[in-house]
Amino acid sequence: MTAAGSLFDWNSRLRGMTVAVTGASRGIGRETALQLAQHGAKLVLGARDMAALEQLAAELQSAAPEAEVAVTGLDVTDEDSVRAFVRLGAERFGRVDALVNNAGFGVFAGTLEMSADDFSRMVDVNLKGAFHCAQAFGRLMVEQGRGHILNLVSIAGTTALAGCAGYSASKFGLLGLTKVLQTELRRQGVQVTAVIPGSVKSSFWDGMESTPNLDDMIPTETLAAHLVYLLGQPDGAFIDEITIMPPKGIL
Ligand code: NAP
């Protein structure tokens, strides 16, 4: 194997790495956890739906009996819950190498029709929740002298789309937070990447009255594979922002 080839040996880079995933009960977070386990990563998984997490842990264990997985109830809007999530990872595995800061949701309506409550909930989960997680894991990673945080932004965090007021506000905010974190943490060995996906065919869209064509969206498995790739990047450079679009563009 060439030297360049060995740089991209994801399996050996991910094997033994501890990765925390928020919003792991379904969708992108769940699929990312499944793929990371196949690459030999140790996992700390959180979401509010504990039954779904336990089922995922059982699935992981039967697919990869050597997989090391810790699951816990997590509400990213609650700082105590986030601190307990970080402690679980640090105590069980000694360190946490990466955070997939993924928990989030969207409610879509025109700005004039959207309830203030829906607007606030999106800011609380998608922006403030992501801040709680980045701060708590960021502190641990600075102590470790090394770490990587992937913030799940959205194309609605870079582009104005009608009907996305609260979601866009939360995701533009998250992109701003990501850029600030990059400048603050990079010299302390912590990388922060803004992941900016277009529409992904996940449970995100369940129950919405009208959605774009689900079959034109990025498959959840494909998006998760990109996240796994980002976590396995070779040393010496980092991807600070990546836009991942469905083949037909913004839907
Ligand atoms: P999803 O299928 O609806 O999954 C969302 C996850 O977030 C669930 O596991 C949910 O778990 C968790 N979650 C929601 N509120 C939470 C809270 N307060 N505390 C902890 N966990 C919480 O959505 P997805 O498509 O996987 O989306 C994942 C991320 O990607 C989100 O940040 C989303 O904004 C972003 N994104 C999605 C798309 C898309 O088209 N799907 C595109 C761009 C970006 P519980 O309900 O069990 O807590």
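Order of appearance sets the numbers: ligands from 1, and atoms from 1 within every ligand. Heavy-atom basis, side chains included; hydrogens, waters and symmetry copies ignored. Not measured: the values here are computed from a predicted model. Just so you know, residue 1 is the first one in the sequence shown, and it goes up from there.
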Colleague: Using heavy-atom distances only, which candidate in Met122, Arg48, Lys171 approaches atom 46 (O) of ligand 1 most closely?
Modeller: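 Answer by nearest heavy atom: Arg48.
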Colleague: Can you tell if the side chain of Leu227 reaches within under 4.5 Å of the side chain of Ile28, non-hydrogen atoms only?
Modeller: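 When only atoms from C-beta onward are counted, Ile28 and Leu227 do touch, with a gap below 4.5 Å.
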Colleague: Tell me which one of Lys128, His132, Arg26 gets a heavy atom nearest to atom 10 (C) of ligand 1.
Modeller: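 Nearest option to atom 10 (C) of ligand 1, by heavy atoms: Arg26.
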Colleague: Report yes or no: does Gln144 contribute a side-chain atom to a donor-acceptor pair with the main-chain N or O of Val96 at less than 3.5 Å?
Modeller: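 Indeed, once roles are kept as given, a pair shorter than 3.5 Å links the two residues.
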Colleague: Verify, without hydrogens or angle tests, whether Glu54 (side chain) and Ala51 (backbone) share a donor-acceptor contact under 3.5 angstrom.
Modeller: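 Here the side-chain-to-backbone pair does not exist.
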Colleague: Below 4.5 Å, heavy atoms only, C-beta onward: do Glu59 and Leu34 meet side chain to side chain?
Modeller: yes
Colleague: Which residue and atom name correspond to the protein heavy atom nearest atom 39 (C) of ligand 1, and how close is it?
Modeller: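 Looking only at protein heavy atoms, the one closest to atom 39 (C) of ligand 1 is Val200 N, 3.4 Å.
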Colleague: Taking non-hydrogen atoms only, is Val125 closer than 4.0 angstrom to ligand 1 via side chain, backbone, both or neither?
Modeller: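 For Val125, the contact with ligand 1 is made by the side chain alone.
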Colleague: Is there a side-chain contact between His148 and Met141, using heavy atoms and a 4.5 Å cut-off?
Modeller: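 No. Closest side-chain heavy atoms not under 4.5 Å.
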Colleague: Please confirm whether Gly46 comes under 4.0 Å of ligand 1, counting heavy atoms of the residue only.
Modeller: no
Colleague: Give me the nearest non-hydrogen protein atom to atom 22 (C) of ligand 1 as residue plus atom name, then the distance to 0.1 Å.
Modeller: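 The closest heavy atom on the protein side is Ala103 CB, 3.5 Å.
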Colleague: Check this for me - ligand 1, Gly29, N or O atoms closer than 3.5 angstrom, yes or no?
Modeller: no
Colleague: Taking only non-hydrogen atoms of Asn126, do any sit less than 4.0 angstrom from ligand 1?
Modeller: no
Colleague: Heavy-atom contact under 4.0 Å between Gly106 and ligand 1?
Modeller: no
Colleague: Would you say Pro197 touches ligand 1, if touching means a heavy atom closer than 4.0 Å?
Modeller: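 For ligand 1, residue contact (heavy atoms, under 4.0 Å) with Pro197 is present.
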Colleague: As a quick check of understanding, evaluate side chain to side chain donor-acceptor pair (under 3.5 Å) for Asp117 and Ser115, giving each step before the final call.
Modeller: CA-CA 5 Å; Asp117 187 47; Ser115 76; 5.2 Å; no
Colleague: Is any side-chain N of the basic residue among Glu241 and Lys179 closer than 4.0 Å to the acidic one's carboxylate O?
Modeller: yes
Colleague: Determine, for Asp216 against Lys248, whether the closest basic-nitrogen to carboxylate-oxygen distance falls under 4.0 angstrom.
Modeller: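 A salt bridge links Asp216 with Lys248.
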Colleague: Out of curiosity, is Val153 lining ligand 1, as in a heavy atom under 4.0 Å away?
Modeller: yes
Colleague: With heavy atoms of Gly27 as the reference, note each atom of ligand 1 found under 4.0 Å away.
Modeller: 2 (O), 26 (O)
Colleague: Does atom CD of Gln55 have more than 12 heavy-atom neighbours from other groups under 6.0 Å away?
Modeller: no
Colleague: Please confirm whether Lys201 approaches ligand 1 to less than 4.0 Å, judged on its heavy atoms.
Modeller: no
Colleague: Quick test: of every protein heavy atom, which one is nearest to atom 34 (O) of ligand 1, and how far off is it to 0.1 Å?
Modeller: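 That would be Tyr167 OH, 2.6 Å.
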Colleague: Determine, considering heavy atoms only, which of Thr32, Ile28, Val195 sits nearest to atom 27 (O) of ligand 1.
Modeller: Ile28
Colleague: Find out whether Thr22 and Leu99 are in side-chain contact, i.e. whether some heavy atom of one side chain is under 4.5 Å from a heavy atom of the other.
Modeller: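 In short, these two side chains touch, coming nearer than 4.5 Å.
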Colleague: Which ligand 1 atoms does Ser199 reach within 4.0 Å, using its non-hydrogen atoms?
Modeller: 40 (O)
Colleague: Identify the closest protein heavy atom to atom 23 (O) of ligand 1: which residue and atom is it, and at what distance?
Modeller: Phe204 CB, 3.5 Å
Colleague: Tell me if the centroids of the rings in Phe108 and Tyr167 come within less than 6.0 Å of each other.
Modeller: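 Here the rings of Tyr167 and Phe108 have centres that are less than 6.0 Å from each other.
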Colleague: List the closest protein heavy-atom neighbour of atom 18 (N) of ligand 1: residue, atom name, distance to the nearest 0.1 Å.
Modeller: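 Heavy-atom neighbour on the protein nearest atom 18 (N) of ligand 1: Asp75 OD1, 3.0 Å.
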Colleague: Would you give the length of the straight line joining atom CG of Leu60 to atom CD of Gln38, rounded to the nearest 0.5 angstrom?
Modeller: 8.5 Å
Colleague: List every atom of ligand 1 that sits less than 4.0 Å from any heavy atom of Leu74, numbering the atoms from 1 in the order shown and giving each element.
Modeller: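 This gives 19 (N), 20 (C) as the contact atoms.
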Colleague: Would you mind telling me if ligand 1 is within reach of the side chain of Arg30, the backbone, both or neither, using heavy atoms under 4.0 Å?
Modeller: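 For Arg30, there is no contact with ligand 1 at all, from either part.
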Colleague: Among all the protein's non-hydrogen atoms, which is closest to atom 2 (O) of ligand 1, and how far away is it?
Modeller: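 Minimum-distance protein heavy atom for atom 2 (O) of ligand 1 reads Ser203 OG, 2.5 Å.
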Colleague: Considering only non-hydrogen protein atoms, determine which one is nearest to atom 19 (N) of ligand 1 and report residue, atom name and distance to 0.1 Å.
Modeller: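 Checking every protein heavy atom, the shortest distance to atom 19 (N) of ligand 1 gives Val76 N, 3.0 Å.
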Colleague: Please check if the number of heavy atoms outside Arg186 that lie under 6.0 Å from its CZ is greater than 12.
Modeller: yes
Colleague: Give a yes or no on whether Phe131 and Val180 share a hydrophobic cluster (residues Ile, Leu, Val, Met, Phe, Trp, Tyr; joining criterion: side-chain heavy atoms under 4.5 Å apart).
Modeller: no
Colleague: What protein heavy atom sits nearest atom 8 (C) of ligand 1, and how far away is it?
Modeller: Ser25 OG, 3.6 Å
Colleague: Quick one: do Arg83 and Asp80 make a salt bridge, cutoff under 4.0 Å?
Modeller: yes
Colleague: Taking only heavy atoms of Asp49, which atoms of ligand 1 are found under 4.0 Å from at least one of them?
Modeller: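 Under 4.0 Å from Asp49, ligand 1 has these atoms: 47 (O).
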Colleague: With a cut-off of 4.0 Å, which atoms of ligand 1 are near a heavy atom of Gly198?
Modeller: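 Listed by number with element, the hits are 42 (C), 43 (C).
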